[in-house]
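Note on naming: letters A, B, ... go to the chains in the order of the sequence lines (proteins, then strands), and numbering restarts at 1 for each one.
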Amino acid sequence: MPQHILVAVAWPYANGPRHIGHVAGFGVPADIFARYHRLAGNRVLMVSGTDEHGTPITIVAEREGLTPREVADRYNRVIADDLHNLGLSYDLFTRTTTLNHYQVTQDVFRTLFSKGYILRQETLGAFSATTGRTLPDRYIEGTCPICGYTEARGDQCDNCGSQLDPTDLINPRSKIDGSPPVFKTTEHFFLDLPAFADRLQQWIAKQEHWRPNVRSFSLNFIKDLKPRPITRDLDWGVPIPLPEYEHRDDKRIYVWFDAVIGYLSASIEWAHNRGTPDAWRDWWQNRYARHFYFMGKDNIVFHTIIWPAQLMGVSSDGYYAGSAAGAFAEVSLQLPYNVVSSEFLTMEGKKFSSSRGVVIYVKDFLSRYDADALRYYLTIAGPENQDTDFTWAEFVRRNNDELVATWGNLVNRTLTNVHRTFGAVPRPGALQEGDQRLLDEVEGGFAGIGAMIEDVRFKAALTEAMRLAAQVNTYLSEQEPWKVIKDDPERAATIWYVALRCVNSLKIMFTPFLPFSSQRLHEYLGFDGYIAGPLEFKEYTEDDGRSHRVLTGNYGCWIGRWEPPRLPVGQTLRQPEPLFKKLDEKIVEEELERMRAGLK
RNA sequence: GUCGGGGUAGCUCAGCGGUAGAGCAAACGGCUCAUAAUCGUUAGGUCGCGGGUUCGAAUCCCGCCUCCGACACCA
């Protein structure tokens with residue numbers, strides 16, 4: 001019985017190109033998980049998009065003389081191209097500036113408001129004297145009243161560590177243009193989180209399968225919940241759907257409140273785009289569906305507290321009707337089943353920092369190296385359980401000594417020999433005990449590796465696949481079919497047949513991690529069709545006349561299955577090429593030099 | 001400051017109550033079909049520091065040092 005799996009991937013913020021630390025945190029892990037579940041026969045819906053509202057985008061726009069929408073358009077394009085080139089198999093990668101997203105966000109807001117979960121409160125806020133926009137606390141600098149540090153921020157002083165309010169600062173000034181901020185009273189809307197505290201506490205306490213840090217962090221956070229403001233004084237964002245605010249240009253829904261709603265709105269858009277407008281309910285209003293969220297650790301609270309509170313609030317008297325109440329209308333919206341948070345990647349021992357030049361963008365990386373080489377590194381050495389460091393030396397080493405040497409070489413020596421000697425899958429003689437033992441061990445990987453992936457232990461899963469590849473290398477070294485063939489061609493054919501069967505199975509096991517090379521191997525082995533691909537861009541026009549490009553794909557045509565694939569005797573092999581490129585050690589110094597040149 | 005998570009072989013990391021593990025790097029040997037790739041053997045660690053619980057602690061508890069993150073108007 002296929003399961004419904006929602007793979008909900010954190011929404012990259014569209015204020016610039018994304019670096020490899022970002023995709024290490026949410027992109028690659030989510031894609032491994034989604035590809036595996038599709039191969040295993042489950043119904044996967046993987047959704048995300050660019051997060052395009054909020055203050056930082058308006059600041060970039062001002063600096064570059066563009067409108068916020070132009071900034072969002074530009075970086076949506078760059079980011080979607082990156083994700084496509086990395087092979088991230090989204091069912092829908094859309095944007096938060098679609099008409100659909102605005103409507104769903106406003107639906108959620110209205111529903112919560114009508115149930116009393118959204119409160120109004122007067123607050124004192126800081127505004128830019130020049131633009132009239134809100135100045136978030138962190139965009140205000142001044143002298144710390146406690147220690148006298150002159151570059152304290154409105155939220156805290158980095159020198160003495162004190163928590164501050166912007167009004168505490170002496171000589172406050174805007175970090176953006178240096179002008180002194182204006183403080184005035186303004187009305188804001190607050191999500192009444194304390195109203196959900198008990199339900200959240202009980203729900204999270206039951207989630208014993210979450211990674212311990214996510215669960216304990218969230219439980220701790222609940223102890224002191226306060227109503228959280230969900231509107232901002234901005235002209236860029238989803239309008240507040242209340243009569244007195246609908247036509248005002250100075251107040252919008254807070255970017256985080258709408259970004260998490262994106263998981264739901266994108267699912268609804270996906271269903272609409274493919275002409276089955278109620279299909280999203282199979283994931284959202286099906287109590288057997290399981291939702292997996294993938295993100296960096298800085299996003300935990302939004303996915304374990306705030307979004308679940310929004311979902312509980314919307315669902316609490318029975319349903320989210322959406323644009324049309326349907327068959328599942330009496331069922332609540334599904335809460336997260338697991339919230340998978342990655343730690344952080346650092347770059348040559350330092351924090352990634354675009355402004356300081358400590359960075360390698362996905363786009364630049366992929367212009368010089370293969371996507372699978374990056375996917376390999378980010379999985380085997382990425383921040384799955386703790387912060388890890390990316391270094392170019394380690395990237396080259398992992399690529400050359402592990403990916404190329406173990407798996408690439410196994411494929412190459414096997415295919416080269418078989419293609420040259422037989423030209424096709426050879427007919428084996430009787431299998432010996434050692435042959436069968438190897439086949440059993442390798443094919444056992446489907447169960448073992450599959451269980452690890454389901455358990456979101458990707459590093460262990462890939463390590464196991466590599467171990468199995470090394471086992472096949474050992475087998476070949478012991479059997480020496482290139483010698484045996486002189487005296488016993490049938491035995492040599494059997495050995496190569498066994499190796500080929502192992503390679504063909506490993507091809508599937510490596511597919512979630514290394515989809516591009518697995519597809520090429522699939523073709524060298526003489527097969528046609530896609531194991532798992534391809535991705536495509538499509539353009540959709542909404543009722544307001546605006547169109548947007550989405551990343552999607554028809555993954556129903558995948559022919560791969562998470563099980564030992566058949567390998568027909570006599571199938572003609574194609575001319576093989578090495579799967580991976582060995583990298584010259586020189587690139588380490590070249591890349592470090594490139595980074596030094598960009599340092600600010 | 002408060003809260004959370006790290007500190008394990010030269011390097012990158014796994015293990016998280018029962019005689020210290022992997023990969024790479026190192027040394028030696030085998031093989032030479034394969035992108036000089038592979039295969040085997042060896043060597044290498046008082047598991048951050050100090051104390052405690054336990055028959056037994058890298059693993060649990062307390063204190064300290066140190067790194068990273070969150071702390072609610074950055075996203």
Side-chain angles (χ1 to χ4, degrees), chain A residues 10-15 51 53-57 59 123 125-126 134-140 153-156 160-163 165-166 175 188 193 211-214 216-221 223-234 254-256 259 296-302 305-306 341 343-344 346 351 380-391 393-394 397-398 400-402 404-406 408-418 420-421 457 459-460 463 466-467 470 473-478 480-483 485 492 496 499 576-583:
Chain A
W11 290 55
Y13 196 59
N15 67 337
D51 178 9
H53 296 127
T55 308
I57 284 177
I59 290 169
T123 63
T134 311
L135 277 175
D137 290 357
R138 292 195 186 188
Y139 283 90
I140 301 168
R153 293 186 317 203
D155 56 341
Q156 70 171 50
C160 67
S162 311
Q163 296 289 303
D165 267 328
K175 202 168 162 180
H188 278 293
L193 288 175
R211 288 182 183 168
N213 63 329
V214 174
S216 55
F217 174 82
S218 303
L219 282 173
N220 199 276
F221 197 91
K223 290 179 192 159
D224 187 27
L225 281 180
K226 298 191 194 105
R228 183 175 175 116
I230 56 165
T231 49
R232 295 287 185 275
D233 294 294
L234 263 188
Y254 173 43
V255 56
W256 256 114
K297 62 179 162 182
D298 51 340
N299 283 182
I300 291 175
V301 65
F302 296 99
I305 310 280
I306 297 169
S341 142
E343 304 295 305
F344 283 160
T346 54
K351 272 167 82 166
I380 205 79
E384 185 172 299
N385 290 310
Q386 64 176 272
D387 293 355
T388 60
D389 191 30
F390 175 90
T391 65
E394 182 72 355
R397 190 197 67 70
R398 292 269 188 186
N400 290 355
D401 298 343
E402 296 181 15
V404 172
T406 303
N409 184 51
L410 169 63
V411 170
N412 197 45
R413 72 199 298 210
T414 306
L415 293 186
T416 306
N417 275 288
V418 174
R420 184 174 52 217
T421 311
R457 294 169 55 217
K459 186 180 289 200
T463 300
M466 291 294 282
R467 190 188 69 78
N473 272 323
T474 306
Y475 169 82
L476 286 176
S477 292
E478 285 168 1
E480 301 181 303
W482 48 89
K483 279 188 184 168
I485 197 160
W496 284 121
E577 299 281 337
L579 279 189
F580 308 107
K581 293 192 202 78
K582 193 164 167 147
L583 297 172

Gap in Å between the two C1' atoms, one belonging to B:rC16 and one to B:rA58, rounded: 8 Å
For A:D298 and B:rG4, give me the distance from atom CG to atom C1', rounded to whole Å. 14 Å
In whole Å, measure the gap between the P atoms of B:rG56 and B:rG69 for me. 40 Å
Specify the residue among A:A405 and A:A381 whose closest nucleotide of RNA chain B lies further upstream toward the 5′ end. A:A381
Interatomic distance, OG1@A:T55 vs CG@A:N15, rounded to 0.5 Å, equals 11.0 Å
Let's test your reading of the pairing rules: Watson-Crick or G-U wobble, both distances under 3.5 Å, then write RNA chain B as a dot-bracket string with ( ), [ ], | and dots. ((((((((.[[[[.)..(..]]]].((((.........)))).....[[[[[..)....]]]]])))))))....
Do we see a donor-acceptor contact under 3.5 Å between the side chains of A:N417 and A:R420? yes
Contact state string [nucleotides 24-35 of chain B, B base, S sugar-phosphate only, - no protein heavy atom under 4.0 Å]: SS-----SSBBB
Those residues at least two apart in sequence (or on a different chain) that pass ring pair (Phe, Tyr, Trp, His ring centres under 6.0 Å) with A:F344 are none
At under 4.0 Å between heavy atoms, what does A:A470 touch on the DNA or RNA strands: base, sugar-phosphate, or nothing? sugar-phosphate
Give A:T388 one of three labels, base, sugar-phosphate or nothing, depending on what nucleic acid heavy atoms sit under 4.0 Å from its own. sugar-phosphate
Separation of B:rC39 P from A:R467 CZ (nearest whole Å): 13 Å
In whole Å, I'd like the distance from the CD atom of A:E384 to the C1' atom of B:rG23. 16 Å
Say we look at B:rA75 and B:rG15: how far apart would their C1' atoms be, to the nearest angstrom? 35 Å
With under 30° as parallel and over 60° as perpendicular, where do the rings of A:W496 and A:W482 fit, or are they tilted in between? tilted
Proximity to the side chain of A:R228 - top-ranked nucleotide from B:rA14, B:rA72, B:rU12: B:rA72
Do you know the tightest heavy-atom contact between A:K459 and A:G382? NZ-O, 3.4 Å
Smallest heavy-atom separation, A:K581 atom then A:V404 atom, equals O-CG2, 3.7 Å
I'd like the P distance from B:rC39 over to B:rG23, given in whole Å. 10 Å
The reported gap from CZ in A:R232 to NE2 in A:H188 (rounded to nearest 0.5 angstrom) is 7.5 Å
Round to a whole Å and report the spacing from NE2 of A:H188 to P of B:rC73. 11 Å
Rounded distance in Å - CD (A:E343) to C1' (B:rA14): 15 Å
If you look at every strand shown and take non-hydrogen atoms under 4.0 Å, does A:D51 touch a base, only sugar-phosphate, or nothing? sugar-phosphate
Atom OG1 in A:T388, atom CD in A:E394: separation rounded to 0.5 Å? 9.5 Å
Can you tell me how far P of B:rC71 sits from CG of A:L225, to the nearest Å? 14 Å
Side-chain touch A:L476/A:P481, heavy atoms, less than 4.5 angstrom: yes
Check this one for me: any side-chain N or O of A:Y254 less than 4.0 Å away from OP1 or OP2 of B:rA72? no
Sugar-phosphate only, base, or nothing, as touched by A:K226 at under 4.0 Å among non-hydrogen atoms: base
Could you tell me whether the side chain of A:V255 reaches within less than 4.5 Å of the side chain of A:L234, counting heavy atoms only? no
For B:rG63 versus B:rG1, give the span between their P atoms, rounded off to a whole number of Å. 14 Å
Ranking A:W256 and A:L193 by the position along RNA chain B of their nearest nucleotide, the one closer to 5' is A:L193
Expressed in whole Å, how much space separates the P atoms belonging to B:rC61 and B:rG5? 10 Å
CG of A:L410 versus C1' of B:rU38: gap in Å, rounded? 10 Å
Applying a 4.0 Å non-hydrogen cut-off, can you work out what A:N400 is touching in the nucleic acid: base, sugar-phosphate, or nothing? nothing
Residue of the set A:L410, A:N412, A:T416 for which side-chain contact (heavy atoms from CB on, under 4.5 Å) holds with A:T414: A:L410
Measuring only the C1' atom in each nucleotide, how far is B:rG10 from B:rC68? A whole number of Å is fine. 24 Å
Touch class at under 4.0 angstrom, heavy-atom based, for A:P229 against every strand present: base
Write down the distance separating the P atoms in B:rA27 and B:rA37, rounded off to the nearest Å. 15 Å
A:R457 CZ to B:rC16 C1', in whole Å, measures 13 Å
